[in-house]
Amino acid sequence: MALDQIVDGLSEVSCDVLVIGGGTAGPMAALKAKLKNPKANVVLLEKANVKRSGAISMGMDGLNNAVIPGYATPEQYTKEITIANDGIVDQKAVYKYAQNCYGIIEELDSFGIRFLKNENGDYAVKKVHHIGTYVLPMPNGETVKKALYRQLRRARILISNRYMATRLLKSADGRIAGAISVNTRTAEMLVIKAKAVILCMGAAGRLGLPTSGYMFGTYENAANSGDGYSMAYHAGAALANLECYQINPLIKDYNGPACAYVAGPFGAFTANNEGSRFIECDYWSGQMMLEFYNELLSGKGPVFLQLKHLHPDTISEIESTLHKVERPTRGLFQQGRGVDYRNDSIEMHISEIGFCSGHSASGVFVDDNARTTVPGLYAAGDMASVPHNYMLGAFTNGAVAGIDAMEFADSHDFADFDAADVARERDRVMAPTRREDGIPPNQVEYKTRRLVNDYLQPPKVTRKYELGMRRLAEARQDMQEHMIARNAHELLRALEVQSIMDCADMAVHASLYREESRWGLYHWRTDFPEKDNEKWFCHTLLSKQNGRMTSEKRAVEPYVVPIADDEKDLYDKQRIRATA
Amino acid sequence: MPLASYQTSVPVVVDDAKCIADKGCTVCVDVCPLDVLRISDMTNKAYMAYDECWYCMPCEADCPTGAVTVNIPYLLR
């Protein structure tokens, strides 16, 4: 059979709870749903393979937001994240996370994932954030995916690898009814009826274009093409604060973390070309990224992560972590460049833009039960709107989603959907395979993402955004009328381009709607350079209404943990002041 | 519009002498997050069929015979 030959087919299955995405939040959601009702059917659908999918494909070096008794309190953490995210936070979900995450750490520990302890047997938590102490290293962090997989097998979760979900199905009264998916190696379609659906599909990490020349050389796992954002949008769910982009400080060209969260607690720091510190705190916030951007443009760049001043044993310890987990080819890259951390600093740059609440706040709107605005539809992890929630947030909120979704499934029957919706989706999915001649998906994708870089990268200029919107509309027309897929693998890419295009359009729409600047570099609008708390101290919710992209304001829920006036701008004071 | 193919040196290299895909092994193809590896119809060995690499390493880490090597792609070396 020819490589990835297209097979015509459509079948239908059903389950109680369908979890889409088997990276971090997804396995935990599936596990908790199944444990809640062991008699129910839980399906975990994954575009790649659950064994190695998602942001933690090769593991993780530590927890970046562990709220551990004795080191931090849920109140303190909630306050820190509220300030770091410029006040636009529904604290209830953050507070719930902060209360639940220690239990999840203990559960992960029972799965065989170890966390760093000191000589007294207490967790050895490190300080990276501006105010509190929340970073906990994971000495065997490369084993995370294997440990999760063992739990999934033990609980008899039904795993379907190599199926890409493309659209959600709903009943006439707006309740979730299931999802439509396509096999990434045969193009056969599979309809999955479900009483509840949990979206755990990761960041929109293939939005901006890395400068390396590789479209897949992204910061995020390049499989995270924003499919969840696109599916939620087309299902009518609201998406929150998409203008709060994810932009990260990374190793230049390699485009992976440098990584100050690992090296910082040992004494490493971000330095300019003069070897001087210029930011108070290495925690990734929009305000910190703005200072990073300013330094690069000031003539004092390049910017480096500096650790050559540390003791050789300390450097070896840092090196063994950085070159073993998360992005282990870092070591190979530095070796090729002749960079030895003992003598050389690590040159850094600013990443491409994306959506990711794991590091910022752009995600499908969810409440503190991980419920979206569509009944029966949940979201967790990097694509859900709980801000700054990292890997531990994906696990913790995935658990919340799994339990609540099973409760929903237990009290509802299957919702009916219209068969015409499936037929329409089949036509949309297969359209690129039915053209004899046209533009391949990689070219449509390159053009779209180049436009994202040219017009959407902050600082955000209204005139540039208007031009970008026009050019993206032209690219969309090409995509809809001329894109071809000659085999099932190309069809996978063609479908991903459509998610990327939707995310680009949403980035434009959301950014033009919020007429102020907030979150440092993430939403710096040159035409509205000031923060405007009077008009814009609110969430923005984007959704599809009557077929059109629409944005509206939503009030920030009253705080559970009050923030004093003199604490509100702590993250605005990132630049180190010159001392007389 | 006619299409042309585009030459590119791929980062994932498989040592045919060590690869046991001809005996039914598909580990590297199974685990790749970007699904870019395939078994060749001609040699029955694994190879990188699509240059869409995230240089993440599951293929190398999980290969039971140490046949797979992930190199840093040329343009970012």
Side-chain angles (χ1 to χ4, degrees), chain A residues 1-4 23 46-54 57-59 142 145-146 161-162 184-185 205 210-218 220-224 251-256 326-330 332-337 437-440 442-443 482 484 486 488-490 492-493, chain B residues 1-15 21-22 24-64 66-77:
Chain A
M1 197 169 81
L3 187 66
D4 300 313
E46 165 58 50
K47 185 162 74 166
N49 186 311
V50 174
K51 281 183 184 168
R52 286 295 194 184
S53 56
S57 172
M58 287 299 285
E142 78 279 10
K145 286 295 277 188
K146 283 206 168 85
N161 290 316
R162 304 293 172 191
T184 63
R185 289 175 176 170
T211 50
S212 65
Y214 292 107
M215 287 203 295
F216 292 73
T218 44
E220 295 287 347
N221 183 329
N224 290 340
I251 301 172
K252 185 177 180 300
D253 298 333
Y254 181 75
N255 217 26
E326 191 177 1
R327 302 304 313 275
T329 50
R330 269 185 289 214
L332 196 60
F333 172 79
Q334 302 293 14
Q335 195 187 359
R337 288 280 173 99
D437 188 22
I439 307 164
N442 63 323
Q443 284 201 299
H482 303 296
I484 52 163
R486 295 163 301 174
H489 184 81
E490 274 191 7
L492 157 70
R493 298 294 177 236
Chain B
M1 274 181 290
L3 301 178
S5 64
Y6 180 85
Q7 299 302 309
T8 169
S9 70
V10 297
V12 175
V13 178
V14 177
D15 182 344
D22 50 349
C25 178
T26 57
V27 168
C28 62
V29 179
D30 291 345
V31 296
C32 174
L34 278 308
D35 204 14
V36 298
L37 304 175
R38 291 290 180 269
I39 311 294
S40 165
D41 284 338
M42 285 183 293
T43 63
N44 292 316
K45 303 288 183 181
Y47 75 108
M48 191 168 176
Y50 303 100
D51 184 18
E52 297 162 341
C53 188
W54 190 46
Y55 36 99
C56 51
M57 289 240 305
C59 54
E60 180 179 319
D62 294 350
C63 174
V68 183
T69 304
V70 177
N71 296 297
I72 297 295
Y74 172 70
L75 295 179
L76 54 86
R77 253 177 235 168

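Because the structure is a prediction, the values reported are computed rather than measured. Proteins come first, then strands; the chains are lettered A, B, ... in the order of their sequence lines, and each starts at number 1.
Not one N or O on the side chain of A:Y214 forms a donor-acceptor pair closer than 3.5 Å with the backbone of B:C53.
Using a 4.5 Å cut-off between heavy atoms, A:M215 makes no contact with chain B at all. Both the backbone and the side chain of B:L34 have a heavy atom closer than 4.5 Å to some heavy atom of chain A. Heavy-atom distances place no part of B:V27 under 4.5 Å from chain A, backbone and side chain included. With a 4.5 Å cut-off on non-hydrogen atoms, A:R486 touches chain B through its side chain but not through its backbone. For B:R77, the part lying near chain A is the backbone, with the side chain staying farther off; criterion is any non-hydrogen pair under 4.5 Å. When heavy atoms are compared at a cutoff of 4.5 Å, B:Y6 does not approach chain A at all. Neither the backbone nor the side chain of A:T211 comes within contact range of chain B, judged by heavy atoms closer than 4.5 Å. Neither the backbone nor the side chain of A:Q443 comes within contact range of chain B, judged by heavy atoms closer than 4.5 Å.
Relative orientation of the A:Y254 and B:Y55 rings is tilted, given thresholds of 30° and 60° on the angle between their planes.
Between B:R38 and A:D4, at least one side-chain N (NZ, or NE/NH1/NH2) sits under 4.0 Å from a carboxylate O, which counts as a salt bridge.
B:I72 is not listed as a side-chain neighbour of A:R337, based on a closest heavy-atom distance of 4.5 Å or more. At least one side-chain heavy atom of B:W54 sits less than 4.5 Å from a side-chain heavy atom of A:R327. Taking 4.5 Å as the limit, every side-chain heavy atom of B:L76 sits out of range of all side-chain heavy atoms of A:N255.
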- [ ] Begin with the C-alpha distance, continue with both residues' side-chain angles, and end with the deciding distance and a verdict on salt bridge (charged side-chain N to carboxylate O under 4.0 Å, His left out) for B:D30 and A:K51.
- [x] CA-CA 9 Å; B:D30 291 345; A:K51 281 183 184 168; over 6 Å; no
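Interatomic distance, NE2 of A:H489 versus CG of B:D35, reported as 6.5 Å (0.5 Å rounding).
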